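Since the structure is predicted, the reported quantities are computational estimates derived from the model, not experimental observations. Starting from 1, each residue takes its place in the sequence as its number.
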Amino acid sequence: MADVAVAFETWFAIQQFLFREARLLDEDRYDDWHLLVAQDIHYGMPAQRSRYKREQRRHAVDTDHFDDDFGSLRLRVERLKRPGVPSMDPPPRTCRIVSNVEVEPTATAGEYRVHSTVQLTRNRLYDEDEILTARRVDLLRGDGNGGFRLARREIHTTQNVIRMRNLNCLL
């Protein structure tokens, strides 16, 4: 269904959902963010390694950086909120930039496949600048109240080796 366009209003509402989600995470409002997540969420970031063009597959998945469901995301949120976690104290300053938002309807009414790019910039202390850039494929589902719930997210980083000190972040 990739060739079927969605209404401008739907595209705009989904884009606003993604922008709000990024702001909630930047403001460390993890409980509010978790309210945007569907109960049957699959939230993953497969690790990839580059292959030469002559090889069968361009990117082979070796393992996952993380592969979360609703419960494990709840644990991640609780850990991020906990005071005294060394990698989060002092808290880093983060900025997520979401762009290149494309929305496709799926075969299920009220569900949309959403492609986007995201850049996370994180700074902590004086000189700990970190940047992570990724492409995302999301499945957003209407929540019945005019909003959406994140039902699936697959994150593909552009980096082969992630140089962040930790992945105490949500993309």
Side-chain angles (χ1 to χ4, degrees), residues 2 6 8 10-38 41-51 57-69 72-77 79-81 85-104 112-141 147-171:
V6 298
F8 174 80
T10 301
W11 172 81
F12 184 78
I14 287 173
Q15 184 174 256
Q16 292 303 301
F17 173 89
L18 297 175
F19 293 165
R20 180 170 184 265
E21 176 196 19
R23 182 175 53 81
L24 291 174
L25 292 170
D26 286 347
E27 294 174 356
D28 300 332
R29 293 173 55 191
Y30 303 115
D31 287 324
D32 292 335
W33 175 83
H34 200 252
L35 293 174
L36 302 177
V37 173
I41 182 88
H42 176 255
Y43 193 97
M45 188 165 109
Q48 301 178 122
R49 65 183 158 106
S50 296
R51 294 183 179 267
R57 297 175 294 169
R58 184 165 178 226
H59 297 287
V61 175
D62 293 329
T63 186
D64 293 317
H65 293 293
F66 51 82
D67 186 11
D68 290 334
D69 60 15
S72 58
L73 281 175
R74 182 77 236 160
L75 292 172
R76 186 186 293 265
V77 163
R79 186 175 64 239
L80 288 170
K81 291 176 9 183
V85 175
S87 63
M88 301 297 280
D89 190 23
R93 291 163 299 280
T94 60
C95 181
R96 289 164 180 81
I97 300 170
V98 180
S99 69
N100 298 11
V101 178
E102 295 179 74
V103 178
E104 304 169 353
Y112 302 92
R113 181 171 295 105
V114 181
H115 300 266
S116 64
T117 57
V118 63
Q119 183 175 32
L120 168 68
T121 302
R122 183 168 67 181
N123 176 276
R124 188 171 159 266
L125 301 173
Y126 297 104
D127 60 352
E128 290 184 20
D129 288 313
E130 302 170 318
I131 296 175
L132 183 64
T133 306
R135 294 187 180 279
R136 300 186 308 195
V137 180
D138 296 340
L139 180 67
L140 294 185
R141 183 179 302 138
F148 298 97
R149 292 281 182 266
L150 179 62
R152 182 170 315 278
R153 173 162 288 161
E154 191 169 296
I155 303 161
H156 299 275
T157 64
T158 58
Q159 292 95 328
N160 228 7
V161 176
I162 296 176
R163 297 198 169 131
M164 296 183 110
R165 286 179 167 71
N166 61 61
L167 284 174
N168 284 341
C169 59
L170 296 161
L171 294 172

- With a 3.5 Å cut-off and no angle check, do the side chains of R74 and H34 form a donor-acceptor pair? yes
- Query: Can you name the closest pair of heavy atoms from F148 and F17 and give their distance?
  - Reply: O-CE1, 3.3 Å
- Message: Is there a side-chain contact between R152 and R113 in this structure, where contact means two heavy atoms from C-beta onward sitting under 4.5 Å apart?
- Response: no
- Specify whether F8 and W11 have parallel, tilted or perpendicular ring planes, treating 30° as the upper limit for parallel and 60° as the lower limit for perpendicular. tilted
- Verify, without hydrogens or angle tests, whether D26 (side chain) and R96 (backbone) share a donor-acceptor contact under 3.5 angstrom. yes
- Quick one: pull up CG in D138 and CD1 in I14 and give me the separation to the nearest 0.5 Å. 9.5 Å
- Message: Looking at every non-hydrogen atom in both residues, tell me the closest pair between T94 and L25 and how far apart they are.
- Response: OG1-O, 4.3 Å
- Checking side-chain hydrogen bond (donor to acceptor under 3.5 Å, both in side chains) for the pair Y30/D32: CA distance, chi angles, key distance, verdict? CA-CA 5 Å; Y30 303 115; D32 292 335; over 6 Å; no
- T117 versus T133: any side-chain heavy-atom pair under 4.5 Å? no
- What are the two closest non-hydrogen atoms of E104 and V6, and how far apart are they? C-CG1, 4.3 Å
- Please round to the nearest 0.5 Å and tell me the distance separating atom CZ of R122 and atom CG of D129. 11.0 Å
- Query: Within a reach of under 6.0 Å around CZ of R20, are more than 12 heavy atoms found that belong to other residues, nucleotides or ligands?
  - Reply: no
- Here the gap from I155 atom CD1 to R135 atom CZ, rounded to the nearest 0.5 Å, amounts to 14.0 Å
- Item | Within 6.0 Å of CZ in F19, more than 12 heavy atoms from elsewhere | yes
- Message: Counting C-beta onward and ignoring hydrogens, is there a side-chain heavy-atom pair between I131 and Q119 closer than 4.5 Å?
- Response: yes
- Message: Return the CG to CG distance between L120 and L132, rounded to the nearest 0.5 Å.
- Response: 6.0 Å
- Query: What are the two closest non-hydrogen atoms of A151 and A38, and how far apart are they?
  - Reply: CA-CB, 3.9 Å
- Please round to the nearest 0.5 Å and tell me the distance separating atom CH2 of W33 and atom CG of L73. 4.5 Å
- Item | Working for side-chain contact (heavy atoms from CB on, under 4.5 Å), residues D31 and V77 | CA-CA 7 Å; D31 287 324; V77 163; 3.8 Å; yes
- Query: Roughly how far apart are M45 CE and E154 CD, rounded to 0.5 Å?
  - Reply: 11.5 Å
- Of L18, V137, L139, the one forming a side chain to side chain contact (heavy atoms under 4.5 Å, CB included) with V114 is L18
- Message: With a 4.5 Å cut-off on side-chain heavy atoms, are R93 and T121 touching?
- Response: no
